[in-house]
Amino acid sequence: MFNDIESKLNSISEGGSLDRETLAAILSTEDGASKNILYRYADKTRAAHMGDGITLRGIVEFSNVCAGTCVYCGLNRYNTKLKRYDLESERILASVAELAAHKIKTVVLQSGENHTFDGIWFGELISEIKDKFGIRITLSVGEKPYDVIKHWKDKGADRYLLKIETSNKNFYDYLHPGMSFENRLRTLKDLKELGYQVGSGIIVGLFGQTTKMLADDIIFLKENDFDMVAIGPFIPHVNTDCAGHRAGSAEMTLKTLALARVVTKNAHMPSTTALGVIDSETKIKALSSGANVIMVNFTPERVKDLYSIYDGKSAGSGKFSNYSMEKMAAGIKRHIDYSEGDSLKAPGVERVDTIVKR
Ligand code: SAM
């Protein structure tokens, strides 16, 4: 058993210094009892800071056009086999109406690194969604200039997801030829400065990644105090240079997620769609190992398969049902939280454990 994992987790949880060797050793543990201690510890941390609700976000993947070079991603610009699409406002609004009708109060508008869509059009869409549905709007459209993301914030966008993917600059450069690690960091800084609730995250199991790199990633996520943290496994895509690579392991993803929960405490953390693709049981287990969010896909059926980030992505993502979701939550002694699911890091927001103690 990894030597005294519980006291190490206590020390991390109490704000002791975060050293990469200790984090990497925890991630490397293969021992079943130690892993269970880690998962239970993360679950308790999640309960204390986030409560027992599972928050839902509805995602609409409105365009797969992408100028990015991410070697692992099926949307990358070199994948000429992929038919590209852009949804029109009316179709996006219809998907938003559908998720709102299911009581979901956050829409995530996601696309590739699409530099062809008009920022003014997108701003109008953001205000229309706000006016019609009054729900939270999260953007996940990649790196954009300061003025553009400011305009969207002014139009009513609330949150922004931009995963760092890896916090190791050399590894980032290797995975994203011609893209800029510094620009990604700069965008994350701009988003915070503009008052967005900001989410970031990493991919686990990329070729060449070590547990020490993952430990550094966890430290990066903590130091930046992100409102949302997404940790999902790498899954290969047949039309990329990573075709044939082994997928990230469900277990390493779970350990990384659990440790990130202990370290970041009150960030919203999804049980990612990618985790469900490699193992549907692990997707549920993630909810008992630190995760408190589920992303539900509302991309129109006719283009869903074209949002092809990795192989098997839309398999099993059938029609959403509140009943099935609530039943799943009850099965793990949790419930679906139909609130907006705002950041718990925002000034003035009380932590759940403080509220519960009264
Ligand atoms: N273009 C936006 C961006 O870069 O933030 C959002 C779209 S991008 C396709 C969304 C996420 O997909 C990325 O942040 C990345 O983590 C994930 N992704 C892409 N390819 C993947 C793969 N093969 N396995 C797992 N996750 C992948």
Side-chain angles (χ1 to χ4, degrees), residues 57 59-79 82 84-86 108-117 122 138-144 148-149 152 159-167 171-172 175-176 179-181 183-188 190-191 196 198-207 209 217 221 226 228-250 252-253 256-257 270-279 282-283 295 297 299 303-304 306-315:
R57 322 283 201 204
I59 183 165
V60 183
E61 297 151 335
F62 67 92
S63 168
N64 69 351
V65 174
C66 191
T69 62
C70 317
V71 294
Y72 46 82
C73 182
L75 300 193
N76 91 61
R77 71 205 234 192
Y78 301 115
N79 183 6
L82 184 65
R84 306 286 169 162
Y85 71 87
D86 283 307
V108 180
L109 299 173
Q110 190 175 92
S111 72
E113 300 278 323
N114 184 340
H115 303 310
T116 63
F117 76 75
F122 200 53
T138 303
L139 308 181
S140 175
V141 297
E143 298 162 35
K144 298 283 175 187
V148 174
I149 50 180
W152 295 340
R159 308 180 190 141
Y160 208 108
L161 303 178
L162 188 71
K163 282 160 85 175
I164 193 70
E165 320 295 2
T166 170
S167 64
F171 194 41
Y172 184 94
L175 296 166
H176 309 89
M179 290 171 69
S180 157
F181 183 68
N183 196 46
R184 204 129 182 116
L185 288 180
R186 197 262 315 145
T187 312
L188 284 167
D190 289 350
L191 290 165
Y196 278 95
V198 181
S200 196
I202 55 160
I203 302 180
V204 175
L206 289 158
F207 177 77
Q209 189 179 50
D217 290 341
L221 295 169
F226 292 114
M228 300 162 282
V229 166
I231 292 173
F234 158 70
I235 302 176
H237 185 285
V238 66
N239 293 324
T240 63
D241 290 347
C242 294
H245 284 199
R246 244 209 332 234
S249 85
M252 185 55 83
T253 309
T256 310
L257 183 144
S271 170
T272 61
T273 311
L275 203 43
V277 170
I278 50 174
D279 182 357
T282 312
K283 183 161 181 188
M295 295 268 200
N297 198 318
T299 306
V303 293
K304 213 178 212 171
L306 296 176
Y307 201 80
S308 169
I309 303 179
Y310 43 75
D311 292 338
K313 178 170 163 293
S314 46

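Every number for a ligand or one of its atoms is a count from 1 in the order of the listing.
In this structure, the side chain of Ser63 engages the main chain of Tyr85 through a donor-acceptor pair within 3.5 Å.
The closest protein non-hydrogen atom to atom 20 (N) of ligand 1 is Ile309 CG2, 2.8 Å. The nearest protein atom to atom 25 (C) of ligand 1, hydrogens excluded, is given as Pro233 O, 3.2 Å; this is a heavy-atom distance. Shortest contact from atom 22 (C) of ligand 1 to any protein heavy atom: Ile235 O, 3.5 Å. With respect to atom 4 (O) of ligand 1, the closest heavy atom belonging to the protein is Glu113 OE2, 3.1 Å. From the protein, the heavy atom lying nearest to atom 5 (O) of ligand 1 is Arg184 NH2, 3.4 Å.
Inter-residue side-chain proximity for Tyr160 and Trp152 is flagged as met; some heavy-atom pair is nearer than 4.5 Å. Between Leu75 and Tyr307, some side-chain heavy-atom pair lies under the 4.5 Å cut-off.
For ligand 1, the atoms sitting less than 4.0 Å from at least one non-hydrogen atom of Ser111 are 1 (N), 2 (C), 6 (C), 7 (C), numbered in the order shown with element in parentheses. Of all atoms in ligand 1, listed by their number and element, those nearer than 4.0 Å to a heavy atom of Leu162 are 5 (O). Set against the non-hydrogen atoms of Cys73, the atoms of ligand 1 under 4.0 Å away are 19 (C), 20 (N). Of all the atoms in ligand 1, the ones that sit under 4.0 Å from a non-hydrogen atom of Lys163 are 14 (O), 16 (O).
Residue contacts with ligand 1 for Gln110 involve side-chain atoms from C-beta outward but no N, CA, C or O (heavy atoms, distance under 4.0 Å). Residue contacts with ligand 1 for Tyr307 involve side-chain atoms from C-beta outward but no N, CA, C or O (heavy atoms, distance under 4.0 Å). The proximity of Ala274 to ligand 1, defined as any non-hydrogen pair under 4.0 Å, does not occur for either the backbone or the side chain. Within the 4.0 Å heavy-atom criterion, the part of Glu165 lying near ligand 1 is the side chain and not the backbone.
Between His237 and Tyr310, the distance separating the two ring centers is not shorter than 6.0 angstrom. The six-membered or imidazole ring of His176 lies near that of Tyr72, with a centre-to-centre distance under 6.0 Å.
Protein heavy atoms are absent from the space less than 4.0 angstrom from atom 11 (C) of ligand 1.
With a 6.0 Å radius and a threshold of 12 heavy atoms from other residues, nucleotides or ligands, Asn183 has its CG atom above the threshold. Under a cut-off of 6.0 angstrom, the local environment of CZ in Phe207 is sparse, with at most 12 non-hydrogen atoms contributed by other residues, nucleotides or ligands.
Taking a 4.0 Å cut-off on heavy atoms, Gly232 fails to register as neighbouring ligand 1.
For the pair Lys144 and Phe117, the distance from NZ or CZ to the six-membered ring centre is under 6.0 Å and the angle to the ring normal is within 45 degrees.
One distance of note links OG of Ser308 with CG of Leu82; it measures 6.0 Å at 0.5 Å rounding.
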Residues Ile235, Ile278; criterion side-chain contact (heavy atoms from CB on, under 4.5 Å); working and verdict: CA-CA 8 Å; Ile235 302 176; Ile278 50 174; 4.0 Å; yes
